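Only one structure is covered here, and it is reproduced in the block below.
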Amino acid sequence: MDTAAAAMATGGGEEDQARMEAITDNLQTRDALRLYNWVSHRCFSDCVTTFYRRALGKTEEDCVHACVRKFLLLSTASASRFAHLAAAAADDD
């Protein structure tokens with residue numbers, strides 16, 4: 001068995017692992033940007049109703065804060081639940 005085949009049989013080389021980590025990082029960055037853009041669009045669309053001023057009105061500002069807070073609470077709860085399920089699945093193995 002040659003060196004490349006041996007490296008593949010043992011889980012791949014360091015180069016392959018570095019390449020996979022780079023791909024994973026790029027995907028996570030892309031997903032984070034998409035999520036940020038979605039939340040920004042959603043909260044803006046739901047909360048900003050007038051364009052007469054440069055600054056947000058008190059009602060609009062409160063709405064944006066509530067929108068972002070709800071999203072963060074949902075994200076935290078979802079991540080916690082996912083971690084709990086992943087730990088339970090790992091224990092079953």
Side-chain angles (χ1 to χ4, degrees):
M1 188 181 296
D2 66 349
T3 309
M8 294 288 282
T10 60
E14 291 178 16
E15 184 178 309
D16 289 339
Q17 186 172 356
R19 188 177 307 127
M20 288 301 293
E21 288 176 4
I23 290 170
T24 301
D25 288 345
N26 286 338
L27 290 173
Q28 288 175 342
T29 301
R30 184 194 68 191
D31 289 344
L33 287 172
R34 282 183 180 174
L35 191 57
Y36 174 80
N37 286 334
W38 180 83
V39 170
S40 297
H41 177 74
R42 176 69 189 260
C43 292
F44 182 86
S45 296
D46 288 351
C47 297
V48 178
T49 57
T50 61
F51 297 95
Y52 300 120
R53 299 176 304 276
R54 290 182 149 211
L56 293 175
K58 177 72 171 140
T59 305
E60 293 171 332
E61 189 173 339
D62 291 344
C63 179
V64 169
H65 284 291
C67 180
V68 172
R69 183 177 45 81
K70 285 179 186 178
F71 170 76
L72 290 175
L73 288 172
L74 175 67
S75 295
T76 302
S78 297
S80 175
R81 182 68 177 150
F82 180 76
H84 176 70
L85 291 173
D91 288 343
D92 289 344
D93 292 340

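Nothing here was measured: the structure is a model prediction, and the numbers come from that model. Quick note: residue numbers are just sequence positions, from 1.
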Legend entry - Which residues share a salt bridge (Lys or Arg N to Asp or Glu O under 4.0 Å) with Arg53, sequence neighbours left out: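 Per chain and number, Arg53 pairs via salt bridge (Lys or Arg N to Asp or Glu O under 4.0 Å) with Glu60.
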Kindly write out the residues that satisfy side chain to side chain contact (heavy atoms under 4.5 Å, CB included) with [X], not counting sequence neighbours, or none if the list is empty.
| X | result |
| --- | --- |
| Cys43 | Val39, Cys67, Val68 |
| Glu15 | Arg19 |
| Ser78 | Leu74 |
| Arg54 | none |

Identify all side-chain donor-acceptor contacts of residues 28-38 below 3.5 Å with residues at least two apart in sequence or on another chain.
residue : atom : partner : partner atom : Å
Thr29   : OG1  : Asp25   : O            : 2.9
Asn37   : ND2  : Leu33   : O            : 3.3

Inset, instruction - Return each pair, listed once, that meets salt bridge (charged side-chain N to carboxylate O under 4.0 Å, His left out) where at least one residue sits in residues 73-90; pairs must be two or more places apart or across chains. - result: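 The answer is none; no pair qualifies.
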Inset, instruction - Kindly state each residue pair satisfying salt bridge (charged side-chain N to carboxylate O under 4.0 Å, His left out) with at least one member in residues 35-52, sequence neighbours excluded. - result: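 Salt bridge (charged side-chain N to carboxylate O under 4.0 Å, His left out) check on residues 35-52 returns Arg42-Asp46.
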Inset, instruction - Return each pair, listed once, that meets side-chain hydrogen bond (donor to acceptor under 3.5 Å, both in side chains) where at least one residue sits in residues 65-75; pairs must be two or more places apart or across chains. - result: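 Checked against side-chain hydrogen bond (donor to acceptor under 3.5 Å, both in side chains) - neighbours excluded - no pair reaches residues 65-75.
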Inset, instruction - Indicate if Phe51 and Leu56 have the same hydrophobic cluster label, given that clusters are the connected sets of ILVMFWY residues with side-chain heavy-atom separations under 4.5 angstrom. - result: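 Yes; Leu56 is reachable from Phe51 via cluster members.
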